[in-house]
Amino acid sequence: MKIGILGGSFNPPHKSHIDLCRFVKEEMNLDRIMLIPTGEHPFKGKVGVSKYDRLEMCRLAVEGIEDFGVNDIEVLKDAPSYTIETMKALKAQSDDEYYFISGSDILFELSWWKSLRELSELVTFVSVMRDGVDNEEILMEAEKLNRAFGTKIILLEEYSPMGISSTQIRKDVHGNKKFLEEEVYDYIVKHGLYREMK
């Protein structure tokens with residue numbers, strides 16, 4: 001199977017995450033999409049809301065969406081999670097092909113990632129370039145990563161993001177309700193999440 005992975009803190013997960021995954025799934029003809037919420041982020045540290053709340057919100061966000069699922073592999077770890085460790089564990093479970101979904105801006109951070117050369121043997125990166133943005137630097141960075149680390153990068157164009165971020169939602173959950181799945185919004189309200197983050 002060809003599986004697309006979207007990792008992140010998902011603090012909270014919103015419709016733009018799902019929209020991005022749907023776009024990549026269609027463009028790449030993927031069989032399945034897997035959200036992997038982080039436990040403790042190796043660069044960001046603690047992210048404010050419990051990892052179990054973020055995991056449950058991810059499950060609610062994809063509930064009922066065909067071929068979408070959530071993996072708790074990083075949430076169940078007590079230590080910070082690195083992508084190389086996650087991918088090794090996933091590859092040990094199956095021979096599926098994995099495609100790591102991201103915005104193109106992440107390419108400028110990849111050289112700092114742990115064991116990038118080894119990771120590049122396990123996964124193909126699918127980076128989405130925003131519509132209307134000059135992508136010459138992104139193309140050059142992708143070529144540089146391929147030469148230096150053997151990183152396989154597929155660049156997808158003509159994607160128009162919704163223009164919302166988790167940070168914006170945390171600051172005004174009620175004002176940005178339309179960007180959340182109803183079940184996710186109800187969970188946030190029920191558990192009193194983000195009330196002190198304005």
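One finds the CD atom of E63 at 14.0 Å from the CZ atom of F68 (value rounded to the nearest 0.5 Å). The structure places CG of N135 at 13.0 Å from CD of E141, a figure rounded to the nearest 0.5 Å. In this structure, R170 CZ and N176 CG are separated by 11.5 Å, a value rounded to the nearest 0.5 Å. Summarising the geometry, atom CD1 belonging to I5 is positioned 8.0 Å from atom OG1 belonging to T86; distances are rounded to the nearest 0.5 Å. For the atom pair CD1 (I188) and CG (L180), the distance works out to 5.0 Å, reported to the nearest 0.5 Å. Here the CD-CG distance, from E143 to N146, works out to 8.5 Å after rounding to the nearest 0.5 Å.
Proximity of a side-chain donor or acceptor of K114 to a complementary backbone N or O of T83 within less than 3.5 Å is not detected. Side chain of K51 to backbone of K77: a donor-acceptor contact under 3.5 angstrom is found. Side-chain N or O atoms of K2 include none that pairs as donor or acceptor with a backbone N or O of Y99 at under 3.5 Å. A donor-acceptor pair is defined here as one N or O able to donate and one able to accept, closer than 3.5 Å; such a pair exists between the side chain of R54 and the backbone of T38. Within the 3.5 Å criterion, the main-chain N or O of F23 finds no donor-acceptor partner in the side chain of E26. No donor-acceptor distance shorter than 3.5 angstrom exists from the side chain of D19 to the backbone of M162, with no hydrogens or angles considered. Under the 3.5 Å distance criterion, the side-chain polar atoms of R117 are left unmatched by any main-chain donor or acceptor of T151. At least one donor-acceptor pair under 3.5 Å links the side chain of S166 to the backbone N or O of P12. Here the side chain of H17 pairs a donor or acceptor atom with the backbone of H14 at under 3.5 angstrom.
Nearest heavy atom pair, residue Y159 against residue S16, reads OH-O, 3.9 Å. The minimum heavy-atom distance between M57 and V184, with the atom names listed, is O-CG2, 3.5 Å. Heavy atoms only, all atoms of each residue included: S120 and G150 are closest at CB-O, 3.8 Å. When all heavy atoms of I154 and M28 are compared, the pair lying nearest together is CD1-CE, 3.4 Å. Residues V70 and P37 share a closest heavy-atom pair of CG1-CD, 3.9 Å. Here the closest non-hydrogen pair linking L110 and L116 is O-CD2, 3.3 Å.
No side-chain heavy atom of I106 sits less than 4.5 Å from a side-chain heavy atom of F125. Counting heavy atoms from C-beta on, the side chains of D72 and R59 come closer than 4.5 Å. Annotation: side chain of I164 is in contact with side chain of I169 (closest heavy-atom distance under 4.5 Å). The side-chain heavy atoms of V123 and K91, taken from C-beta on, include no pair separated by under 4.5 Å. In this structure, I138 and F108 have side chains that are in contact, with non-hydrogen atoms separated by less than 4.5 Å. Side-chain contact between D53 and N11 is absent, with no heavy-atom pair separated by less than 4.5 Å. Taking 4.5 Å as the limit, some side-chain heavy atom of M1 sits within range of a side-chain heavy atom of R32. Under the 4.5 Å side-chain criterion, counting only non-hydrogen atoms from C-beta, M34 is not in contact with L6.
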List the steps, then state whether side-chain contact (heavy atoms from CB on, under 4.5 Å) holds for I3 with I33.
CA-CA 6 Å; I3 299 178; I33 293 291; over 6 Å; no
Checking F100 against I36 for the side-chain contact (heavy atoms from CB on, under 4.5 Å) test, could you report, in this order, the C-alpha distance in whole Å, the side-chain angles of both residues, the deciding distance, and whether it holds?
CA-CA 11 Å; F100 193 93; I36 304 184; over 6 Å; no
Trace of the side chain to side chain donor-acceptor pair (under 3.5 Å) decision for S104 with S127:
CA-CA 5 Å; S104 55; S127 293; over 6 Å; no
Hey, mind stepping through Y82 and L119 against side-chain contact (heavy atoms from CB on, under 4.5 Å) and telling me if it holds?
CA-CA 10 Å; Y82 292 90; L119 176 62; over 6 Å; no
Begin with the C-alpha distance, continue with both residues' side-chain angles, and end with the deciding distance and a verdict on side-chain contact (heavy atoms from CB on, under 4.5 Å) for Y98 and T124.
CA-CA 6 Å; Y98 290 98; T124 297; over 6 Å; no
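Figure legend: K15 and F179 shown without cation-pi pairing, the cationic atom not lying both under 6.0 angstrom from the six-membered ring centre and within 45 degrees of its axis.
Looking at L76, V75, N71 one by one, the single match for side chain to side chain contact (heavy atoms under 4.5 Å, CB included) with L55 turns out to be V75.
Atom CE of M140 has 12 or fewer heavy atoms from other residues, nucleotides or ligands within 6.0 Å.
Residues forming a side-chain hydrogen bond (donor to acceptor under 3.5 Å, both in side chains) with D31 (at least two apart in sequence, or on another chain): none. Considering only residues two or more places apart in sequence or on other chains, E118 meets the side chain to side chain contact (heavy atoms under 4.5 Å, CB included) condition with I84, K88, S115.
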